[in-house]
Amino acid sequence: MKKIIDILKEKVTEGFVKADYDAKYGFITNSNRPDLCQYQCNGAMAAAKEYKKAPIAIAGDVVAGLAGDGLFEKIEAVNPGFINITVSGAFLATQAEKMCTEEYFGLELPETPKTIVIDYGGANVAKPLHVGHLRSAVIGESIKRICRYMGNHVLGDVHLGDWGLQIGLIITEVKKRQPALPYFDDSYDGEYPSEAPFTISDLEEIYPCASSYSKEHEEYLEEAQEATAKLQEGHRGYRALWQHILNVSIADLKMNYGRLNVEFDLWKKESDAEPYIPDMVKKLKEDGFAYMSEGALVVDVTEESDKKELPPCLIVKSNGATLYATTDLATIVEREKLYQPDHIIYLADKRQSMHFTQVFRTAKKAGIAREDVRLDFIGFGTMNGKDGKPFKTRDGGVLRLQELCRMINEEVYQKIKDNRDYKEEEAREIAEKVGIAALKYGDLSNQASKDYIFDIERFASFEGNTGPYILYTIVRIKSLLSKYKENGGIPEETAELLAPASESETDLYLTLNKYADTIEGAYAELAPHRICQYVYELSEAFNHFYHETRILAEEDEKRRASYLKLIGLVQRVLEQCIDLLGFEAPEKM
């Protein structure tokens, strides 16, 4: 389905050609003065120099050739040479009818789907999710959904941290507490227990205890480092214990990510990349990309276009240890082997920008990633409290994500109970859906790279640019449609959309027609905030129309049926948009 702006461009271009001007001047933009017109063409201004003619005269020639075309309600040449355009109401209704019948509301998908891997989540095993994990999960999930909606084969990978000193610390602490476990008996050759010797709550206490103790006791740290080395070398008992840590942690992570409507296709881990490291390092050396510097193995990444020299990418430390860069490069090797992606997207704190620049340049320079593979890093800002500092608990600790969800759900629940008479169970169920919308929309409505203030009262408000306001708009439309059907209204499929009868209805039609541009823009820029801007604009347009129009009380049955078909389209578009943002609307609020 062609977009309005493309149809107008074709028509106005015809006007330029018909008036003997170059077709290149028939470009169209949305009007920057919506009080005067909906669209405008400034081509006559650009053409004036070439044709040595006053812009207003050129604009007049073009308009004269287009006058009387049913596409336009009004088209006029305005000093000093603008062409102002207002499309006809009948044309708007025709475009909306097409949106009703097309699967993607008129959005045209790319002809060639891509295979895309999105690396987001970034949780560590044996540690609880906290507020620092929120943005990666929420933004990554939305980008995954947008890319998939555009027809691509998309794999979301949690990429768990499971292979460093943290595991050695846990093994050492478990051994200290339960030395009789068979995992620590090198002579044991039987089957290890299927049940883990700890719960997720135990692990969440064990790791910080071990980490803190290791900082003050060098011999304990050395023991943990030795346990890490043995694990990575394949120690049978430690591998079995590590598998228990993974199983217990992943079950808990799936539950907590599930509360956020975040689902991963791949539960890959840092350890999965480990087998690829030796051959990768060997090839980097043999191909002359990696060299020794102060005992460490490095790769230069500075390019001629850089204004200043970048630090080299460190592959192996002087003590033989590998780093995150090593693992990330080996993970690209693995992804190339398993999935042959066209595009890999990474979500992480924006302070990791240099790390990913080094990794991407090394991957391209050394041929680890194919030349045509697109590598993108989306660095996000910090979620701060009202004091402008990173969000913390009242006592200054790191707030668990589970607690953050509980806080916002409780805020929404109180608002529902204060304004509606629902049973406890129903109110809680509604509050959970609305709370997730409040949390996600509060985050996603900000440009990813920017820091933002987490204001629980504002995010949970049912008014203004918030998730609950968007959901309330959808629920309001559902209620209207339900009442209409209960009273024997015309089925939507037989109703006909009529030309708008008011300015607010015209605005609603025009806003609906921005859908394709919005989704294309959000996909091209990997920017969910573009969709947030749109759903708020569409919700505002609907509510303006709703307050100015007697929708169900309209006496003309055809006009009433047109209203209901129009708002039904608004509902479906809003629901598709919030699905791309990663939340859903309840049946009532």
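The structure displayed is predicted, hence computed values, not measured ones.
- Other residues, nucleotides and ligands place more than 12 heavy atoms under 6.0 Å from the CD atom of Glu525.
- The two residues Thr549 and Ser504 make their nearest non-hydrogen contact at OG1-OG, 4.2 Å.
- Heavy atoms of other residues, nucleotides or ligands lying less than 6.0 angstrom from CZ of Arg351 number 12 at most.
- For Lys114, the NZ atom is loosely surrounded, since the number of other residues' heavy atoms within 6.0 Å does not exceed 12.
- Here the two rings, on Tyr441 and Phe459, have centers that are 6.0 Å apart or farther.
- When all heavy atoms are compared, the tightest approach of Arg458 to Ile453 is NH2-O, 4.4 Å.
- Checked options Val570, Leu566, Asp507; the residue passing with Phe542 is Val570 (criterion: side-chain contact (heavy atoms from CB on, under 4.5 Å)).
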- Task: Run the numbers on Gln40 and Asn32 for side-chain contact (heavy atoms from CB on, under 4.5 Å), then give the verdict.
- Result: CA-CA 8 Å; Gln40 65 188 64; Asn32 55 17; 3.2 Å; yes
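- A ring-centre distance under 6.0 Å is found for Phe545 and Tyr563.
- With hydrogens and angles left out, the side-chain atoms of Arg476 and Asn543 include a donor and acceptor closer than 3.5 Å.
- For Asp556 and Lys558, the salt-bridge test fails: no basic side-chain N is under 4.0 Å from an acidic carboxylate O.
- Under the rule for a side-chain contact (heavy atoms from CB on, under 4.5 Å), the partners of Ser142 that lie at least two apart in sequence or sit in another chain are Ile146, Leu444, Pro528, Leu581.
- Residues Glu584 and Lys433 form a side-chain contact, since some pair of their non-hydrogen atoms from C-beta on lies under 4.5 Å apart.
- Ring planes of Phe391 and Phe454: perpendicular class, angle over 60° (limits at 30 and 60°).
- Looking at Lys440 and Asn261, their side chains come closer than 4.5 Å, going by heavy atoms from C-beta outward.
- Other residues, nucleotides and ligands contribute only 12 or fewer heavy atoms inside 6.0 Å of the NZ atom of Lys450.
- Listed for the Asn42 side chain is no donor-acceptor partner under 3.5 Å among the backbone atoms of Met45.
- A donor-acceptor pair is defined here as one N or O able to donate and one able to accept, closer than 3.5 Å; such a pair exists between the side chain of Ser136 and the backbone of Gly121.
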- Could you go step by step and tell me if Asn152 and Tyr523 meet the side-chain hydrogen bond (donor to acceptor under 3.5 Å, both in side chains) rule? CA-CA 11 Å; Asn152 301 297; Tyr523 173 56; 3.0 Å; yes
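- The shortest side-chain heavy-atom distance between Ile408 and Leu404 does not fall under the 4.5 Å cut-off.
- Between Tyr104 and Tyr149, the gap from one ring centroid to the other is short of 6.0 Å.
- With contacts defined as side-chain heavy-atom distances shorter than 4.5 Å, the pair Arg370/Pro341 qualifies.
- Thr357 places a side-chain N or O within donor-acceptor distance of the main-chain N or O of Ser353, the cut-off being under 3.5 Å.
- Under the 3.5 Å distance criterion, the side-chain polar atoms of Tyr39 are left unmatched by any main-chain donor or acceptor of Ile83.
- When the shell of 6.0 Å around CD of Gln414 is examined, it contains more than 12 heavy atoms from other residues, nucleotides or ligands.
- Looking at Ile139 and Tyr120, their side chains never come closer than 4.5 Å, going by heavy atoms from C-beta outward.
- Applying the side-chain contact (heavy atoms from CB on, under 4.5 Å) criterion to Ser449, with sequence neighbours excluded, gives Gln447.
- Glu575 has a carboxylate O that lies under 4.0 Å from a charged side-chain N of Lys478, or vice versa, which qualifies the two as a salt bridge.
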Review item, side-chain donor-acceptor pairs of residues 69-76, under 3.5 Å, at least two apart:
residue : atom : partner : partner atom : Å
Asp69   : OD1  : Leu71   : N            : 2.8
Asp69   : OD2  : Lys11   : NZ           : 3.0

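- Listed by first and then second residue, the side-chain hydrogen bond (donor to acceptor under 3.5 Å, both in side chains) pairs involving residues 88-97 are Glu97-Lys565 (not counting sequence neighbours).
- Glu492 and Gly568 get closest at one heavy-atom pair: OE1-CA, 4.5 Å.
- Formation of a donor-acceptor pair under 3.5 Å by the Ser479 side chain with backbone atoms of Val475 is not found in this model.
- For the 3.5 Å distance criterion, the side chains of Tyr51 and Asp61 fail to qualify, holding no donor opposite an acceptor.
- In this structure a side-chain-to-backbone donor-acceptor pair under 3.5 Å is missing from Asp443 to Leu439.
- Here Glu520 pairs with Lys3 in a salt bridge; the nearest charged N to carboxylate O distance falls below 4.0 Å.
- At a threshold of 4.5 Å between non-hydrogen side-chain atoms, the residues Val301 and Asp306 do not count as touching.
- In this structure, the side chain of Thr362 engages the main chain of Gln358 through a donor-acceptor pair within 3.5 Å.
- When side chains are defined from C-beta on, Asp455 counts as touching Lys386, because their heavy atoms get closer than 4.5 Å.
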- Message: Could you go through Val434 and Met589, starting from their C-alpha distance and side-chain angles, then the distance that decides it, and tell me whether this counts as side-chain contact (heavy atoms from CB on, under 4.5 Å)?
- Response: CA-CA 9 Å; Val434 179; Met589 284 173 67; 4.0 Å; yes
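- Counting heavy atoms from C-beta on, the side chains of Cys100 and Arg572 come closer than 4.5 Å.
- The shortest non-hydrogen separation linking Asn79 to Ile56 is OD1-CG1, 3.4 Å.
- Evaluation of the side-chain contact (heavy atoms from CB on, under 4.5 Å) rule for Arg374 yields His343, Asp376, Leu526 as partners, not counting sequence neighbours.
- Between Glu141 and Arg145, at least one side-chain nitrogen of the basic residue sits less than 4.0 Å from a carboxylate oxygen of the acidic one, meeting the salt-bridge criterion.
- Under a cut-off of 6.0 angstrom, the local environment of CD in Glu463 is sparse, with at most 12 non-hydrogen atoms contributed by other residues, nucleotides or ligands.
- The shortest non-hydrogen separation linking Ala44 to Ala59 is CB-N, 3.7 Å.
- Counting non-hydrogen atoms of neighbouring residues, nucleotides and ligands closer than 6.0 angstrom, the CD atom of Glu411 exceeds 12 such neighbours.
- Ring planes of Tyr515 and Phe105: perpendicular class, angle over 60° (limits at 30 and 60°).
- Side chains of Tyr346 and Gln352: a donor-acceptor N/O pair is absent below 3.5 angstrom, by distance only.
- Ring centroids of Phe377 and Phe360 are separated by 6.0 Å or more, keeping the two rings apart.
- Judged purely by atom type and a 3.5 angstrom limit, Thr115 has no side-chain atom pairing as donor or acceptor with the backbone of Asp342.
- When atom types are taken as modelled, the side chain of Lys144 and the backbone of Glu263 share a donor-acceptor pair closer than 3.5 angstrom.
- A side-chain donor-acceptor contact under 3.5 Å links Ser31 to the backbone of Cys37.
- The environment of Gln340 atom CD is dense: over 12 non-hydrogen atoms of other residues, nucleotides or ligands sit within 6.0 angstrom.
- Counting only residues at least two apart or in different chains, salt bridge (charged side-chain N to carboxylate O under 4.0 Å, His left out) contacts with residues 101-111 are absent.
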